[in-house]
Structure formats: C-alpha cells, structure tokens
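First up is the structure itself, then whatever we jot down about it.
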Number of protein chains: 2
Amino acid sequence: MKINPADLNQVNVLKEAPIEDLNLLVEKSILRSVEEDSFYFFQGDPAKYAYVLVTGRVKLVQSNPAGQQVNLRTIKQWEIFAALGAIRPEAVYPVAAQALEPSSALAIESSLLRDMMQTRPYLNFGLMQLMTGYIQEMQERYRELATEKVERRLALTILRLASQIGHKSGGQIELPLSQQDIAEASGSTIYTVSRTLSEWEKRGLIETGRGRIVMRNPHGLVEIAEGAESA
Amino acid sequence: MKINPADLNQVNVLKEAPIEDLNLLVEKSILRSVEEDSFYFFQGDPAKYAYVLVTGRVKLVQSNPAGQQVNLRTIKQWEIFAALGAIRPEAVYPVAAQALEPSSALAIESSLLRDMMQTRPYLNFGLMQLMTGYIQEMQERYRELATEKVERRLALTILRLASQIGHKSGGQIELPLSQQDIAEASGSTIYTVSRTLSEWEKRGLIETGRGRIVMRNPHGLVEIAEGAESA
DNA sequence: ACTCTTCTTTGCTTAAGCGCAAATAACAAA
DNA sequence: TTTGTTATTTGCGCTTAAGCAAAGAAGAGT
C-alpha cells in the first residue's frame, strides 16, 4: 500500500505542515503493518520511532511487574503516537502499543522528527498541544480513579472513549471495544464491567454485544457520570 | 524582596537561557507572595500566568465536584509550574495551586512565555522535556492506582515524593508532609495512611512526626514497593 | 503554663467490588 | 453444521480499605 502524503494533513500535529514536509516524512519513513493483537513496540524498548496510524486501531497499555495491565489510550486513524521518544534521544517507550485489529502505521524515525522540530515551529506547537492534552486527561483520570466509585468511573470512561474513538452507526454512537478493554481503561474488572453494563442495558441506556457497546441514551450516562444515584 | 536574575538558571527549563532572557523575565514579571494555605490560583481560573517558585512549597491539587481532592504534584524551589497555559491561549488551570508554607513565586505572563517560545528553541525543548516527564509520571501513577494495593502504592508514593521534594537531614531523607498530604498523593485515606505508617515505624523502616516522615531504611520501602509481602 | 487547634492514632463496622468457578452465548474456522 | 475458541454472565464468598467516632499527642499562640 502507498500513502498519499497529502493525507497526513489529517494528523492533528501536522495539519499546518507544508506539503514538502509531508513528502519528506513519507519518503523517509516506512509503513509497518501488523496483525491483530501484535505489538508495534513493547514497554521498555528504545523509542526509535514515532508512529502515525494509517489504518486500524491501536491501544497503548502499561503493565505492572505482575503483568496486570491498564489501557492508557486508544489510537485511531491519523493519530500520532509514541512521539515522546522524539523529545529525549535516549528514551524508551513507557508503554506498549498493541493492535486491536489489523493495522498499518507510518514509522517515523525519532531523530528525523527531532531534526525537523529545530526549524518548524508548527511541529513544536502541535506536539505541545498534544502533550498538554495528554497531561490534562491523565490528571483527570487519575483523580477519577482516586475519588469516584466504579459505576461513575465506568460512565466517565465510556463517555471519554466515545468521544475519542466512537463512531456513528445509524444515528447512534458505537464503541468497538470488549469489556476487557473497558475494564483496563477504567481501572476495574471484567466482572464488575459486565454487571454494570447489564444493569445499564436493562435501563435502556446502552446496548451491548460481543466486542461492542452502542450508546442508546448518552444523556443518561452523563447523569450517572455527574452524580445521579442509580436508585 | 528582589530576585537575582542569574538565580533563574536553577530552573530546569531555563538552565540554558542567556542572561538577557533571565533579565527580561524578571523585569516583566512580578513576585507574588502568599501565606500558608492560600492559593496562587484555583482550578478553572484563566491561565494568565506561569510561575517559578522562589521560596516555600506549593502543591497542585485537583478536586472533584464533591470537593474530594487529590495531590498531583508538590513544587519546590526553582521549579516552574502552571506553564501549560502558555501553550493554549484560552486555557484555564486544570488544577489549583496551594501554598504548603509561606511562599513567593515569580508570576510570568503566559503571553510573554508564548512570545519567547517563538524565537528560543531552548524554551521549547525545556518545556517539552518537562511535559514528557509529567506524562510518564502520571501514566505510572495511574497504573499504580489501578493495579496495586494500598500498602505498595504508599511505598511507591513516598519514594517518589522523597526523590522530588525530600531533603537530607542528618544523613537521612526527610519528607515535610502531613499524612493528609500523603493520603491525597497516594489515593488513600488518612486512616489507612496512619495505620500503615505506624506499622512501618514498628518495623524500623521510617520515623514519623507531626507533619514529617523520616526514612530510616529506604531499601526496605523499595522492597515493599516492588512486591515483598509484609508477613 | 495554659488553651486551642490541628494532626495522628485506633477500635469497630460496613460497603464496595474483586475474583473464583461454572454456565452460557457469540463468533470463527473447518 | 460442527467444533473449538473466546467473550460474557452470574452466583457466591471474601478481602480490602474506607469511614465514623472518639481519644490521644503535638504544636502555636497568649
């Protein structure tokens, strides 16, 4: 498959990039395709490449020594990920990147990105915007995990994921994630997720299926997220 | 009080700044002093200033709608904080900044910082380094909160705080924080913190006092943090 | 030295939600 | 269709740590 450089303008960080820069990026980078469940990189690998996801979906996960993992972010088409390596030359990936479905991504050498940043203010600003967004989101999620009960956290997680990777399908927002994914993204377990989602389904808030969640009544979820009690 | 511009070189982000820039910063900024427990700003305020802490200690906290709060970071002398506002002009502070003791900080207009970034690569790189560090730390803390039990999390929190704001005192590292602060930084409660610290004190790992913790055996804490069971 | 305030400790109770086990359901591949 | 695999559901017991209440200890101010 070939990438059309002009498509890279859909990448947030690159939306103001001149076409010459996009050509340069495509020319100097390679397209890496991986099958479902394979990894682009593992936690602890030297951060040699930054990636732009061209097709598919990828999740960034972090594991503790015992192997339990949390979902830090799900990447969709034309999002950049693993760009942090471009900042610190000796960095290692602090997370692993695993494909949720067959995916392909443009692997850009960290050093190329670093060199380009020297002379291209739009890149600096774009990356900084991206990073401040990450920081704020992680701070919020951290607070939620520390202070909110599971049900509310689950609602917050699902709403957040819906805005990030949900896609419309017949007027409703659908989330292509397993309950395992939701559990790892919300800091809970598949058992509690299943119980809660079933309960919500009974109340007509959502519709569940194997590996997907359809939002029937987003406003109801917002109410749960913001404090309405279940009974 | 007056600030000696050359002192600003102790700020990580500014360590490569030429003296003219430091002069400019001091000249265009104002020194704000606040007493203990007062706030430099509140969560939700327009992010008009970035700060460099000159004396004292400041904590960055985030509250949920119910008022429960978490401790996201403790700032010590010559650290920069609230710099995110410089990236997005319309930003509001996502956290509040409260003085842990009488403090003074240089208030730098976000727009000044933003303008300076246009022509000073060292500033861009410095801020990016700072931000990547934040992101990685928050990701780790998030995973810890999601996957580790309290005792281990407490050990991790105390070790992290020791490296960030601990100071040597008689060959040992001392942490000038109340148990309330520890609870808010680790995502726990004062009751559990008290019980755990008492237990550790009995085992000779630490020494506690009103508003401070002295590490007697850091290695023992590392063992708890990394998985040794207590019994 | 005395008083007030704030921080810390500890016993007790309880709710939340984890996690095993086993059943059921959904999908994929042959 | 059949079989195998993986995801979801649900009952049940149990652990963890939250949180109230009340006492004790340590400072700060007068």
Side-chain angles (χ1 to χ4, degrees), chain A residues 35-37 64 66-71 98 100-102 144-155 157-158 175-202 206-214 224 229-231, chain B residues 35-37 64 66-71 98 100-102 144-158 175-203 206-214 224 229-231:
Chain A
E35 53 192 33
E36 185 165 348
D37 292 340
N64 72 357
Q68 282 173 89
Q69 56 183 44
V70 293
N71 243 0
Q98 184 174 24
L100 284 166
E101 48 190 71
E144 288 168 10
L145 200 47
T147 65
E148 312 293 354
K149 293 218 208 310
V150 215
E151 190 186 25
R152 195 180 298 188
R153 242 161 54 217
L154 264 175
T157 301
I158 286 176
L175 220 47
L177 293 172
S178 71
Q179 301 195 0
Q180 176 80 49
D181 291 323
I182 305 285
E184 284 173 7
S186 63
S188 180
T189 63
I190 48 172
Y191 312 111
T192 300
V193 169
S194 172
R195 280 182 257 266
T196 309
L197 294 189
S198 297
E199 168 68 23
W200 289 350
E201 185 154 30
K202 277 195 204 102
I206 58 169
E207 206 180 299
T208 66
R210 193 190 169 101
R212 87 206 158 82
I213 297 170
V214 181
I224 293 174
E229 275 315 306
S230 37
Chain B
E35 51 193 34
E36 185 165 349
D37 293 340
N64 72 357
Q68 282 174 89
Q69 56 182 45
V70 293
N71 241 358
Q98 184 174 24
L100 285 167
E101 49 189 71
E144 288 168 10
L145 200 48
T147 65
E148 312 293 354
K149 294 218 207 313
V150 211
E151 189 185 26
R152 195 179 298 189
R153 243 162 52 218
L154 266 174
L156 288 160
T157 301
I158 286 177
L175 222 46
L177 294 172
S178 71
Q179 300 194 2
Q180 177 80 48
D181 291 324
I182 306 285
E184 285 173 7
S186 64
S188 180
T189 63
I190 49 171
Y191 312 110
T192 301
V193 169
S194 173
R195 280 184 255 267
T196 309
L197 294 189
S198 296
E199 168 67 24
W200 289 350
E201 184 155 29
K202 277 196 204 103
R203 286 203 259 154
I206 58 170
E207 205 180 301
T208 66
R210 193 188 169 103
R212 84 204 160 83
I213 298 170
V214 182
I224 293 174
E229 274 315 306
S230 37

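A, B, ... follow the sequence lines: proteins, then strands. Residue 1 opens every chain.
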Requested in this report: Apply the test side-chain contact (heavy atoms from CB on, under 4.5 Å) to residues A/Asn64 and B/Glu144: give CA-CA distance (whole Å), side-chain angles for both, the deciding distance (0.1 Å), then the verdict.
Outcome: CA-CA 8 Å; A/Asn64 72 357; B/Glu144 288 168 10; over 6 Å; no
Query raised in the report: Going through the distances and angles, do A/Leu100 and A/Leu177 end up as a side-chain contact (heavy atoms from CB on, under 4.5 Å)?
Result: CA-CA 9 Å; A/Leu100 284 166; A/Leu177 293 172; 4.2 Å; yes
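Once rounded to the nearest 0.5 Å, the distance linking CG of B/Leu197 with CG of B/Leu154 reads 6.5 Å. Here OG of A/Ser186 is found 6.0 Å from CZ of A/Arg153. Values are rounded to the nearest 0.5 Å. In this structure, the separation between OG on B/Ser178 and CZ on B/Arg212 is 13.5 Å, given to the nearest 0.5 Å. Distance check: A/Ile190 CD1 to A/Ile182 CD1 gives 13.0 Å after rounding to the nearest 0.5 Å.
One interatomic measurement links the two molecules: CG of A/Asp181 to P of D/dA7, which rounds to 9 Å at whole-angstrom precision. Atom C1' of nucleotide D/dA18 and atom CD of B/Gln180 are separated by 14 Å, given to the nearest angstrom. Regarding A/Glu199, its CD atom lies at a distance of 11 Å from the P atom of D/dT10, rounded to whole Å.
In this structure B/Glu201 satisfies the salt bridge (charged side-chain N to carboxylate O under 4.0 Å, His left out) test with no other residue, sequence neighbours excluded. Checked against side-chain hydrogen bond (donor to acceptor under 3.5 Å, both in side chains), B/Thr196 has no partners two or more places apart in sequence or in another chain.
Projected onto DNA chain D by closest heavy-atom contact, A/Ser178 and B/Ser188 fall at different nucleotides, the more 5' of which corresponds to A/Ser178.
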Report task. Summarise protein proximity over nucleotides 19-30 of chain D in one line of letters, 5' to 3': B for base, S for sugar-phosphate only, - for none, counting protein heavy atoms closer than 4.0 Å. Result -> BBB---BBS---
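When DNA chain C is scanned in the 5' to 3' direction for atoms under 4.0 Å from non-hydrogen atoms of chain B, the outermost contacting nucleotides are C/dT6 to C/dC12.
Pairing each heavy atom of B/Ile224 with each of B/Arg203, the nearest pair is CD1-NH2, 4.1 Å.
Here salt bridge (Lys or Arg N to Asp or Glu O under 4.0 Å) pairs that include residues 184-196 of chain A, with residues two or more places apart or in two chains, are A/Lys59-A/Glu184.
For the side-chain contact (heavy atoms from CB on, under 4.5 Å) with B/Leu175, the lone residue among B/Ile158, B/Val214, B/Ile206, B/Asp181 that qualifies is B/Ile158.
Over its full length, the helix from C/dT8-D/dA23 to C/dA30-D/dT1 turns its helical axis through 50°, comparing axes from the five pairs at each end and rounding to 10°.
Using a 4.0 Å heavy-atom cutoff across all strands shown, B/Ser194 reaches at least one base atom of the nucleic acid.
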